2 protein chains.
Amino acid sequence: MTQQETQRRTRLNRDLVLSTAVALADRTGFEGLTMRTLAQEFGVVPMALYKHVANKEDLLDGMVDIVFSEVAVPSGPDWKTAMRERSISMRQALVRHRWAVGFMESRMRPGPANLRHHNAVMACLRQAGFSFRTTVHAYSTLDSYTYGFLLQEKTLPFDTAEESGEVAAQKLAMQPAEMAAQFPYLIEVVMELGMSGYDYDVEFRVGLDLILDGIEKLRPDWVDAASVSASVPESVPGVGDVATTAD
Amino acid sequence: MTQQETQRRTRLNRDLVLSTAVALADRTGFEGLTMRTLAQEFGVVPMALYKHVANKEDLLDGMVDIVFSEVAVPSGPDWKTAMRERSISMRQALVRHRWAVGFMESRMRPGPANLRHHNAVMACLRQAGFSFRTTVHAYSTLDSYTYGFLLQEKTLPFDTAEESGEVAAQKLAMQPAEMAAQFPYLIEVVMELGMSGYDYDVEFRVGLDLILDGIEKLRPDWVDAASVSASVPESVPGVGDVATTAD
DNA sequence: ACCTGAACACCGTTCAAGT
DNA sequence: ACCTGAACACCGTTCAAGT
């Protein structure tokens, strides 16, 4: 309406279309983003968008690159701190843009921020002394964890710690009481999380640190501090080869 | 056609609708599954389906429960082996049903197989001596990793080890040569994976074992075998409290 | 009890115009 | 160079009928 009365406020361009699409998806969810609703944001007919993006796939490529541009690149002398902060930054970006998690690694045409980010992560680990193969293991494990955590955080039926118990209870309340007795360990989840809640932030950090500690042991020069006495001699040959607990 | 000539082969029922929907999604992808294409599988009009499923959301609920029913529940005396096999079974199910990964933990109405599975996983860890909180950490970390790995395996542009290098090269070939020089560590990925390939199976197991080893240390009675001499005395007090390497 | 047909309010996208 | 309008081939789903 007002867009039509006044002269067009701003001419469309690709960056404006992309950033508006991101904001619209943040606000209304991915299903709320259609070429038609996006056009409406500008007071423009849907077809006007096709001058600035090739199609919806191209629009999505650009949106994902905006998300990548918001993720902090690992930096600093300590690879572990750098990678921890990068993962936390990735989570924050994906909490802001919940629609994005399924698309981050599925783009056939990665944008510049995407390439820059992946290159920087590889650089961080390679320069920390990890072999190429170990770097691939580390990167794959960390990103799998981060994306998987957010996939669940995105879609799990509760958002706040207070809500978590209630919704879990509702889930089971739908089943008859006898069925609830059939799953005692789910009852425990309902009771315990209902009392103490579920904090996504600390939960994410626990798994993250567990994985970072595991990655540390993949380094060729890694020495288990707990396996040597408090005053450690200069060389402890074969210390990493001691058998682990049987399983 | 033939469905119309002969008398209706089989009357529709919910289970048949659900299993056919799973098979159709496996064959044609999630976008290929619509109420209309599904109806066509039976030679029936789309509206006929609504007698057996409430709507598409309800259809999806049932499909996800079929996937859960295919995942091996953890069993056996050793929690680590049991959980490893469960994760591998989960991956296999999600490789068969790539459309499912984003929906496994997002159902508002979990089906019976879903409840049974989650209860069994909680039981396995609790009975292995993990505290409730630690069990939640362990479960969250393992599932995040598994779902995240499959999210990438599902959407990453290459399927086979042989393809991986080529597609990665294509990705970068789209950029000008100077841009490729801007990302030396991505070039390494293209070169190395082009030569030796990328095996999803072994890659998954590396991260999985790394996480299982980390979870083992969260157990209250865990003792670091590498931190004690080969012949271990009955009690080693405080051995787990030795400071780790600085970071 | 189960299936049908027509219709409604949506999609992304093409094509031919308009300014 | 940029935006419009009408149209096409799709969606999920409602409603009123058929057998």
Side-chain angles (χ1 to χ4, degrees), chain A residues 1-22 24-25 27-64 99-100 102-103 106-109, chain B residues 1-22 24-25 27-64 99-100 102-103 106-109:
Chain A
M1 271 303 135
T2 44
Q3 288 93 329
Q4 309 292 28
E5 296 165 28
T6 67
Q7 64 183 15
R8 168 127 297 115
R9 298 163 200 288
T10 47
R11 313 257 266 98
L12 296 188
N13 61 60
R14 180 167 233 263
D15 283 349
L16 185 61
V17 168
L18 295 180
S19 60
T20 305
V22 167
L24 181 59
R27 223 169 59 233
T28 66
F30 191 70
E31 332 74 55
L33 171 72
T34 72
M35 297 306 272
R36 292 166 135 96
T37 56
L38 181 54
Q40 233 167 1
E41 292 288 293
F42 299 109
V44 115
V45 95
M47 278 315 298
L49 300 172
Y50 285 81
K51 211 80 219 173
H52 305 98
V53 293
N55 47 40
K56 203 175 182 184
E57 193 72 5
D58 182 38
L59 176 71
L60 189 53
D61 284 345
M63 292 169 70
V64 166
W99 50 267
F103 302 113
S106 71
R107 303 296 85 203
M108 296 300 297
R109 273 173 239 284
Chain B
M1 270 303 139
T2 44
Q3 288 94 331
Q4 309 292 28
E5 295 166 26
T6 68
Q7 66 181 17
R8 167 125 299 114
R9 300 164 199 288
T10 47
R11 312 257 265 99
L12 296 188
N13 62 58
R14 180 166 233 264
D15 283 349
L16 185 62
V17 168
L18 295 180
S19 60
T20 305
V22 167
L24 182 59
R27 221 170 60 233
T28 65
F30 191 71
E31 332 73 54
L33 171 72
T34 72
M35 297 306 273
R36 292 166 136 96
T37 56
L38 181 55
Q40 232 167 0
E41 292 288 292
F42 299 109
V44 114
V45 95
M47 279 314 299
L49 301 172
Y50 285 82
K51 211 82 219 171
H52 305 98
V53 293
N55 47 41
K56 202 174 182 184
E57 193 71 5
D58 182 39
L59 176 71
L60 189 52
D61 283 346
M63 292 170 70
V64 166
W99 50 268
F103 302 113
S106 71
R107 303 296 85 204
M108 296 301 296
R109 274 174 239 284

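Proteins come first, then strands; the chains are lettered A, B, ... in the order of their sequence lines, and each starts at number 1. This one's a predicted model, so the numbers in the text were calculated from it and none came from an experiment.
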Non-hydrogen atoms of [X] and [Y] that approach each other most closely:
X       : Y       : result
B:Met63 : B:Ala21 : CE-O, 3.6 Å
B:Val44 : B:Ala48 : CG1-CB, 3.5 Å
A:His52 : A:Val17 : CB-CG2, 4.2 Å

Within this structure, what is the [atom1]-to-[atom2] distance between [X] and [N], rounded to whole angstrom?
X       : N      : atom1 : atom2 : result
A:Met47 : C:dT14 : CE    : P     : 7 Å
B:Phe42 : C:dC3  : CZ    : C1'   : 14 Å
B:Gln40 : C:dT4  : CD    : P     : 13 Å
B:Asn13 : C:dC3  : CG    : C1'   : 15 Å
A:Leu16 : D:dC2  : CG    : P     : 14 Å
A:Leu49 : D:dC2  : CG    : C1'   : 12 Å

side-chain contact (heavy atoms from CB on, under 4.5 Å) assessment of B:Leu24 paired with B:Glu41: CA-CA 8 Å; B:Leu24 182 59; B:Glu41 292 288 292; 3.9 Å; yes
Qualifying residues under salt bridge (charged side-chain N to carboxylate O under 4.0 Å, His left out), relative to B:Asp15, sequence neighbours excluded: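 If we apply the salt bridge (charged side-chain N to carboxylate O under 4.0 Å, His left out) test to B:Asp15, skipping adjacent residues, there are no hits.
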From CA spacing to verdict: side-chain contact (heavy atoms from CB on, under 4.5 Å), B:Asp61, B:Val53: CA-CA 10 Å; B:Asp61 283 346; B:Val53 293; over 6 Å; no
Which nucleotides of DNA chain C pair, in dot-bracket form (Watson-Crick or G-U under 3.5 Å, | meaning another strand): ||.|||||...|||||.||
Evaluation steps, side-chain contact (heavy atoms from CB on, under 4.5 Å), between A:Leu60 and A:Trp99: CA-CA 11 Å; A:Leu60 189 53; A:Trp99 50 267; 4.3 Å; yes
Contact list for DNA chain C against residues 50-59 of chain A - heavy-atom distance below 4.0 Å: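 Heavy-atom contacts with DNA chain C come from A:Tyr50, A:Asn55, A:Lys56.
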Stretch residues 29-38 of chain A: residues that reach within less than 4.0 Å of DNA chain D through a heavy atom: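 Heavy-atom cutoff 4.0 Å gives no residues at all.
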With sequence neighbours excluded, residues passing side chain to side chain donor-acceptor pair (under 3.5 Å) with B:Asn55: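 Listed in chain order: nothing, the list is empty.
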Derivation of the side-chain contact (heavy atoms from CB on, under 4.5 Å) call for B:Leu49 and B:Leu59: CA-CA 10 Å; B:Leu49 301 172; B:Leu59 176 71; over 6 Å; no
Please tabulate, for the side chains in residues 29-36 of chain B, all donor-acceptor contacts under 3.5 angstrom to protein atoms that are two or more places apart in sequence or on a different chain.
{"residue": "B:Thr34", "atom": "OG1", "partner": "B:Arg36", "partner atom": "N", "Å": "3.2"}
{"residue": "B:Thr34", "atom": "OG1", "partner": "B:Thr37", "partner atom": "N", "Å": "2.9"}
{"residue": "B:Thr34", "atom": "OG1", "partner": "B:Thr37", "partner atom": "OG1", "Å": "3.3"}

Nucleotide of C:dC3, D:dT4, C:dT4 approaching A:Val44 most closely (side-chain heavy atoms): D:dT4
Under 3.5 Å donor-acceptor, A:Thr28 side chain and A:Ala25 backbone: no
